[in-house]
Amino acid sequence: MPAMRELNVSNHLLGDQRALAKAWDRDGYWFFRDVLDTKVIGEIRQIYVDYLVEMGLVDPAAPDVRYNGADYSHLPVNSGVSQLNERKVHKLLHEAPTINTFFRRLFGCDPFWVPFTVHRANPPVLDRTVPRFDLIHEDGIYNDGLPFLICWVPLDHIDEEVGGVAVVEGVHKGPCLHRRDGMTIHPIRLEDVPAAHWRRIDYRPGDVLLMSLRTPHSGLSNISRDRFRFSLDTRIMPSTGKVPVVGTITEISSKGARIADEHGERSLRFDEHSFVRGHKGDQMALADVPARYHPGSEIIAAVDEDRIVNMRPQT
């Protein structure tokens, strides 16, 4: 793994929209120290701990949260904990007044939370020969037309051993580093990333990292002896921006969808450029869309007049 400099900290820029915009344009991210309400973060962390106790990976009588060595190969702890999505744990963050106060100060307007959150409770990797980089990617290639910011939140102390997230600074305005074969999108190769641009930092509760859709980044595998990496990544944007449709499908075909949201129902069409997210994140053939999406599916859609630019499930 290449040596990494620390992330730039942007706390001193809060309240200065021009300076914030300049830093974003330069780096492709903002990192803030100790700005989120640690009481809220602690409540979310405790839900993760309780989940690991339920899964048998943490002994309930242990004085601290340590991996007990139990097999986790059959459990969804590395790729995202779907049970926590089903429990709507993200609402603790999205609806907390103190959290929204920070983002209101940052954006200069109310935040708009996109219901797309991944919860992670990564235990130590069992195979220490695997590369540290989990998946080098930029979110923009999967989310054209959805102008949100990636919002990564550490829920515990995350040092270099536990991993966290590493970002590639200052390349977000250059060409996309992903390769495509038709509708298949390949991860970014490590050799295609300028090694001197990797950045990370030791994270702690209360921190938040916001990234551009065009900023390449990757999770780093947890090589600690017995600690977990508690984090979540969600999506946010200023409410004054072009917010997506967040609603429920009432009708669906390969030609389009009827979607109900808080404003009512509307019929929207697909065209040959519409990106509909498949099970692995790749673009689906429109003929296959009704097999995955159906009436009752909760979705997020970027819309241009009556055309669906991008559609993906809520989480």
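For the numbers below, each heavy atom of this structure counts, side chains included, while hydrogens, waters and symmetry mates do not. The shown structure was predicted, so the numbers you read here are calculated from the model rather than taken from an experiment.
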Student: Taking distance alone, no hydrogens or angles, what donor-acceptor pairs closer than 3.5 Å link side-chain atoms of residues 21-29 to residues at least two apart or in another chain?
Tutor:
residue : atom : partner : partner atom : Å
D25     : OD1  : K173    : NZ           : 3.4
D25     : OD2  : K173    : NZ           : 3.1
D27     : OD2  : N8      : ND2          : 3.1
Y29     : OH   : N8      : N            : 2.9
Y29     : OH   : E169    : OE1          : 2.5

Student: Would you check if the distance from the ring center of Y203 to the ring center of H157 is below 6.0 Å?
Tutor: no
Student: For D304 and R307, indicate whether the former's side chain and the latter's backbone hold a donor-acceptor pair under 3.5 Å.
Tutor: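 It does not hold such a pair.
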Student: If I compare all heavy atoms of S231 with all of Y48, which pair ends up nearest, and what's the gap?
Tutor: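 Reported closest heavy-atom pair: O-OH, 3.2 Å.
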Student: Please list, one pair per line, the donor and acceptor atoms closer than 3.5 Å that link side chains of residues 282-291 to other protein atoms, with sequence neighbours excluded.
Tutor:
residue : atom : partner : partner atom : Å
D282    : OD1  : I185    : N            : 3.4
Q283    : OE1  : R180    : NH2          : 3.1
Q283    : NE2  : S274    : O            : 3.1

Student: Do any N or O atoms from the side chain of H217 and from the backbone of T215 form a donor-acceptor pair under 3.5 angstrom?
Tutor: yes
Student: Would you say the side chain of F116 lies within less than 4.5 Å of the side chain of T234, judging by non-hydrogen atoms?
Tutor: no
Student: Would you call E305-R266 a salt bridge at under 4.0 Å N-O?
Tutor: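 Judged by the 4.0 Å cut-off on N to carboxylate O distance, E305 and R266 do not form a salt bridge.
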Student: I'd like to know if the side chain of H178 pairs up with that of H137 as donor and acceptor (distance under 3.5 Å, no hydrogens or angles considered).
Tutor: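 No - no donor-acceptor pair under 3.5 Å links their side chains.
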Student: Under the side chain to side chain contact (heavy atoms under 4.5 Å, CB included) rule, collect the residues that match up with D306, sequence neighbours excluded.
Tutor: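 Scan of D306 (side chain to side chain contact (heavy atoms under 4.5 Å, CB included), adjacent residues dropped) gives R269.
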Student: Looking only at non-hydrogen atoms, find the nearest pair between F112 and V246 and report the distance.
Tutor: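 Closest approach of F112 to V246, heavy atoms only: CZ-CG2, 4.0 Å.
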Student: Counting C-beta onward and ignoring hydrogens, is there a side-chain heavy-atom pair between R45 and V65 closer than 4.5 Å?
Tutor: yes
Student: Using the salt bridge (Lys or Arg N to Asp or Glu O under 4.0 Å) criterion, which residues pair with D64? Sequence neighbours excluded.
Tutor: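 Applying salt bridge (Lys or Arg N to Asp or Glu O under 4.0 Å) to D64 gives R66.
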Student: Would you say W198's side chain and V168's backbone share a donor-acceptor pair under 3.5 angstrom?
Tutor: no
Student: Let me confirm one number: the CZ-CZ distance from F228 to R120, rounded to the nearest 0.5 Å.
Tutor: 15.5 Å
Student: Are I299 and Y142 connected into the same hydrophobic cluster when the rule is that any two of I, L, V, M, F, W, Y join if their side-chain heavy atoms are below 4.5 Å apart?
Tutor: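 Y142 does not cluster with I299.
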Student: May I have the list of side-chain donor-acceptor pairs in residues 35-42 shorter than 3.5 Å, sequence neighbours left out?
Tutor:
residue : atom : partner : partner atom : Å
D37     : OD1  : K39     : N            : 2.9
D37     : OD2  : T98     : OG1          : 2.8
K39     : NZ   : E43     : OE2          : 3.0

Student: Filter on side chain to side chain donor-acceptor pair (under 3.5 Å), then keep only pairs touching residues 238-251, sequence neighbours left out; what's left?
Tutor: T250-E265
Student: Any side-chain heavy atom of I223 within less than 4.5 Å of one from R225?
Tutor: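 They are not in side-chain contact.
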Student: Run the side chain to side chain contact (heavy atoms under 4.5 Å, CB included) test against R214 and tell me which residues pass, sequence neighbours left out.
Tutor: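 Scan of R214 (side chain to side chain contact (heavy atoms under 4.5 Å, CB included), adjacent residues dropped) gives E138, H172, C176, S212.
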Student: Is the backbone N or O of R33 less than 3.5 Å from a side-chain atom of N11, with the two atoms forming a donor-acceptor pair by type?
Tutor: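 Checked: pair present.
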Student: Suppose we screen for salt bridge (Lys or Arg N to Asp or Glu O under 4.0 Å). Which residues come up paired with R204, at least two apart in sequence or across chains?
Tutor: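 For R204, the residues satisfying salt bridge (Lys or Arg N to Asp or Glu O under 4.0 Å) (neighbours in sequence not counted) are D34.
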Student: Is there a donor-acceptor pair under 3.5 Å between the side chain of R292 and the backbone N or O of R277?
Tutor: yes
Student: Identify whether the distance between the nearest side-chain nitrogen and carboxylate oxygen of R132 and E160 falls below 4.0 Å.
Tutor: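 Counted as a salt bridge, because a side-chain N and a carboxylate O are separated by less than 4.0 Å.
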Student: Taking side chain as C-beta onward, heavy atoms only, is D202 less than 4.5 Å from I158?
Tutor: no
Student: Would a distance-only check, ignoring hydrogens and angles, find a side-chain to backbone donor-acceptor pair under 3.5 Å from D144 to F275?
Tutor: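 Such a contact is absent between D144 side chain and F275 backbone.
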Student: Does any N or O in the side chain of S218 come within less than 3.5 Å of the main-chain N or O of D134, such that one atom is a donor and the other an acceptor?
Tutor: yes
Student: Taking 4.0 angstrom as the limit, do R235 and D233 come out as a salt bridge?
Tutor: yes
Student: Angle between ring planes, W30 versus F32, binned at 30° and 60°: parallel, tilted or perpendicular?
Tutor: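 Tilted, since the angle between the ring planes falls between 30° and 60°.
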Student: Going by atom type alone, with no hydrogens or angles, which donor-acceptor pairs under 3.5 Å involve a side-chain atom of residues 147-154 and a protein atom two or more places apart or on another chain?
Tutor:
none

Student: Could you report the tightest heavy-atom contact between P60 and V53, atom names first, then the distance?
Tutor: CB-CG1, 4.0 Å
Student: Check whether any side-chain N or O of D16 sits under 3.5 Å from a backbone N or O of A19 as a donor-acceptor pair, and report yes or no.
Tutor: yes
Student: Quick one: CG on L92 to CG on L84, what's the gap to the nearest 0.5 Å?
Tutor: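 Rounded to the nearest 0.5 Å, the CG-CG separation comes out at 10.5 Å.
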Student: Residues two or more places apart in sequence or in another chain: which of them pass salt bridge (Lys or Arg N to Asp or Glu O under 4.0 Å) with D192?
Tutor: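 Testing D192 for salt bridge (Lys or Arg N to Asp or Glu O under 4.0 Å), a comparison that skips the adjacent residues, returns R189.
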Student: On a heavy-atom basis, which atom in D261 and which in G247 lie closest, and how many Å separate them?
Tutor: CB-CA, 4.2 Å
Student: Which residues pass the side chain to side chain contact (heavy atoms under 4.5 Å, CB included) test with A196, not counting sequence neighbours?
Tutor: none
Student: V130: which other cluster members, linking ILVMFWY side chains closer than 4.5 Å, directly or transitively?
Tutor: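 Under the 4.5 Å side-chain rule, V130 groups with nothing.
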Student: Does one side chain, of N122 or N222, offer a donor that lies under 3.5 Å from an acceptor on the other?
Tutor: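 No, because no side-chain N or O of N122 sits under 3.5 Å from a partner of the opposite role on N222.
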